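Accompanying notes for the structure given below.
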Amino acid sequence: MFIESFLQATVAGLTVGAIYGLTCVGLALIFGIMRVINFAQGDFMMVGMYLAVGLSALLASAGLAAPFVAALLVAPVLFIAGALLHRFLVSRTTGLQSVGLSADGHQAQLILTLGIALVLQNGAMILLGSTPLAVVSPLSSSAWEVPLMYDDFSTLFLNKARTIGAVVSLGVALVLFRLIRTTHLGKSLRASADNPEAATYMGIDVDRAHRIAFGLGTAVAGVAGGLIVLSYPVQPFVGTEFVIIMYAGVVLGGIGSITGAFWGGMVIGLVQQLSILVLPLQLQNTLVFLVFVLILLLRPQGLFGRSVERA
Amino acid sequence: MNNKILTRRGLGRIAVIASAAGLARPALAQAPREIKIGLVTPLSGAWAKSGELSRMGMEMAVDEVNRDGGIKSLGGARLRLVTGDCGDSPEKAKSAAQRLLSQEPDIVGGAGAYVSSFTLAVTEVTERAGVPWFTLSYADAITNRGFRYVYQTSPTAQTQAEEGLPTLVELAEKTTGRKPTRLGIVMDNTASPVNFTRGLRDGGAQKLGMQIVVDETFTPPLADAGPVMQRVRSARPDILLLLPTAVPDIKLTLEKLNEIGLGKGRLPAINNGGPMGSPDLLRVVGKDMLEGVMFITATWGNKNTQALNDAFRERTGEAWITQDSLSNYAHVMILRDALEAAASTDRDKVNTAIRAMDSTTGAATLFPGGRVKFDERGRREGAALVIAQWQNGVPVSIFPADSAVAQPIWPRR
């Protein structure tokens, strides 16, 4: 009985955690690299969820794969949207333009992204209404059943939609890691993150790097949203339910670390689901933040953060 | 400055016109050509859909009354519906009621406001103005305040909690020939499920000969229902009270129930409240997931409402008539009967007519219990529960048997 509960909670934690991880990676690109406190990140995810619902309806002929293809197709759309948003709005409060603004432009960024969030939420409310929408797929209500050998009743259920979603999340995150680690583009992103001024002297177009980072962060949020909407209906205000977890994950993993953000999300998923073994169900999220506070007390730079002062 | 004076002058003019209208009213009351009835309900915000459905029900009733010659005892006076929007808070609900009553001072009666806390606020206003007011809201407090003009046509929350489970046990026994003994509860910690289940844990379940074998309460929203439903699976209850109130949690728990092989009615799952019968759930959760799920509600389409249901569908394009539309349709019909009996648009006379009413025909047949007679407090006597079940993508009433449209699907084990 306990073993079954433990395994089931671990599986739930891993699958939930992988998707949380992806949402955190999206925020880490924006918050970690560009130091933009982005309140609208959850709402980018909401836009991704709506897009995925629409796209998977269009792709219905693709059968069971449709929702996942739709989730990936959200990426280019939101990349462009994010890059444009950066070009025309966010760039005015970041990078070299923020020199001379109070608190390095953070206050202006806060107000700007909060404004974007409000516009997105209420825009969705006007256009799409408050009725929740979801991708209805047989995959989200069926499972691969793994019988546990110690008796003939206990079974481990691996929800198909969630398991595939977790694998896709992991894949997208890995592609991003490689992009950041090995490509020229990744190097310019990292250089712009570490020291924008020095990067400019090295001939890197910091503004462009930030634009790409913002686009990537938005696109990743959209893909994550597309995967979540398989099991979680979307309504205009759904973003606020996830944005706190994103920030917790990024800080937990260590600000500035993309890998760290993924593991931060994973830790949150695992703690949230495993808490059911020791605590009443109602307190699921309480334990998440208890662990969060503990880690900040013992390791303030986060799990993967470097404890160096930025220049 | 100039503007202000103009506005004041404008206001003065309006006041003059308004008082003239007030003076003219007694004359009009002799042979009114139009009788206004009010609806105060959420027409924006999270409950907008329910409010919209309420309005559809009332409009349909008003059109039918007018088509059939209006109020005959008042020379064929026609009904007209005027509405106020509650928005998303009791404060807004209260000011919506105040605004409506000041803009339309000659309203003879009305209905609203869906959410119990809104109804409590709205009826504070309507009671003071002496407007007979009908509601489908459940809270006991609505008719516990000694009000004389407020009528509750649904069974109250406490009645539902007390009668819900015994009714289910009886239904299970009748259908399967076997009394269920193991009860499971999975719910969120919002007010409605907490109140609904409180009595069960304090010995209510035991009195029915039932043992609570799994009892899980979560804080919405759930991230994954796996671990919770796995406990349900291990505990093997005979009946599961599945009481999430948020749509995402309804989806997660139902999908998980199917995934672990207990869906489609194999483990009878029962929710509480009309929203579980919303056509919108079809799009979000899907027909297969909903199959076999039951819910307890105050009214639902039954044998007596089939013609009404068809007319409603044709008129509105909605998939079926819900509790909101049905109750409010009936509220208009009760008001019509009261107006006919009172032969006056005087609110007190209408109110007296409602108090004197004891009918088992017309609007009464639309309610479970089949009777329109209100007690001292304004509660409908004999207000009973309906149980409906999703069968083939449509929620159909399965209890009480005399008005049920379909047989319950209850697995025999």
Side-chain angles (χ1 to χ4, degrees), chain A residues 1 4-13 15-17 19-20 125 129-143 145 153-162 228 230-235 237-238 241-242 245 268-269 272-277 280-286, chain B residues 42 44-50 52 88 186-190 194 214-231 233-236 246-261 263-264 278-291:
Chain A
M1 171 74 192
E4 190 189 17
S5 295
F6 175 76
L7 288 176
Q8 194 66 57
T10 310
V11 166
T15 50
V16 170
I19 294 188
Y20 281 174
M125 187 77 178
S130 60
T131 310
L133 294 175
V135 174
V136 176
S137 159
L139 289 180
S140 51
S141 60
S142 52
E145 297 177 23
F153 179 72
S154 300
T155 311
L156 189 62
F157 290 89
L158 295 171
N159 184 293
K160 288 179 184 167
R162 285 195 178 246
I228 289 173
L230 264 167
S231 52
Y232 201 93
V234 52
Q235 36 88 8
F237 303 99
V238 77
E241 288 167 24
F242 288 89
I245 285 180
I268 289 179
Q272 188 189 56
Q273 295 305 318
L274 286 170
S275 75
I276 185 177
L277 300 174
L281 187 58
Q282 289 188 63
L283 301 179
Q284 258 187 336
N285 285 331
T286 316
Chain B
S44 62
W47 292 277
K49 179 72 180 180
S50 297
E52 195 57 33
D88 54 6
V186 172
M187 57 180 248
D188 66 29
N189 54 7
T190 57
V194 168
V214 54
D215 186 357
E216 297 288 340
T217 306
F218 61 87
T219 309
L222 272 176
D224 189 329
V228 185
M229 296 318 258
Q230 187 256 345
R231 289 189 176 178
R233 183 175 177 266
S234 304
R236 306 183 197 201
V247 173
D249 296 327
I250 292 178
K251 181 173 166 72
L252 278 181
T253 47
L254 284 180
E255 284 182 345
K256 201 46 110 171
L257 201 62
N258 274 270
E259 180 187 317
I260 59 179
K264 302 195 176 66
S278 158
D280 291 338
L281 281 182
L282 270 182
R283 269 189 302 162
V284 180
V285 185
K287 181 181 148 192
D288 290 350
M289 296 305 111
L290 290 161
E291 185 67 18

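Numbered from 1 within each chain, the chains take letters A, B, ... in sequence-line order. Since the model is a prediction, treat every value here as computed from it, not as a measurement.
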Using a distance-only test with no angle check, is there a side-chain donor-acceptor pair under 3.5 angstrom linking Thr219(B) and Asn189(B)? yes
Quick one: does [X]'s side chain have a donor or acceptor within less than 3.5 Å of a partner on [Y]'s backbone?
X: Asn159(A); Y: Ser140(A); result: yes
X: Gln284(A); Y: Gln273(A); result: no
X: Gln8(A); Y: Phe157(A); result: yes
X: Ser234(B); Y: Gln230(B); result: yes

For the interface with chain A, which of [options] has the highest count of heavy-atom pairs at distances below 4.5 Å?
options: Pro221(B), Gly263(B), Gly261(B); result: Pro221(B)
options: Ala246(B), Pro220(B), Pro248(B); result: Pro248(B)
options: Arg231(B), Lys256(B), Glu216(B); result: Arg231(B)

Can you tell me which portion of [X] sits under 4.5 Å from chain A's heavy atoms? Options are side chain, backbone, both or neither.
X: Lys49(B); result: neither
X: Leu254(B); result: neither
X: Ala48(B); result: neither
X: Val285(B); result: backbone
X: Arg233(B); result: both

What pair of heavy atoms forms the shortest contact from [X] to [Y], and how long is it?
X: Tyr232(A); Y: Lys251(B); value: N-CE, 4.5 Å
X: Arg283(B); Y: Thr131(A); value: NH2-CG2, 4.0 Å
X: Glu255(B); Y: Ser231(A); value: OE1-CA, 4.4 Å

At a 4.5 Å cut-off on heavy atoms, which part of [X] comes close to chain B: side chain, backbone, both, or neither?
X: Thr155(A); answer: both
X: Leu230(A); answer: backbone
X: Ser142(A); answer: backbone
X: Val11(A); answer: neither
X: Glu145(A); answer: side chain
X: Tyr20(A); answer: side chain

Indicate yes or no: at least one non-hydrogen side-chain atom of Leu283(A) is less than 4.5 angstrom from one of Ser275(A). no
For a 4.5 angstrom cut-off between non-hydrogen side-chain atoms, does Leu257(B) reach Met229(B)? yes
Quick check for you: among Ala143(A), Ala9(A), Gly129(A), which has the greatest number of heavy-atom pairs under 4.5 Å with chain B? Ala143(A)
Out of Gln272(A), Glu4(A), Glu241(A), return the one with the most heavy atom pairs under 4.5 angstrom to chain B. Glu4(A)
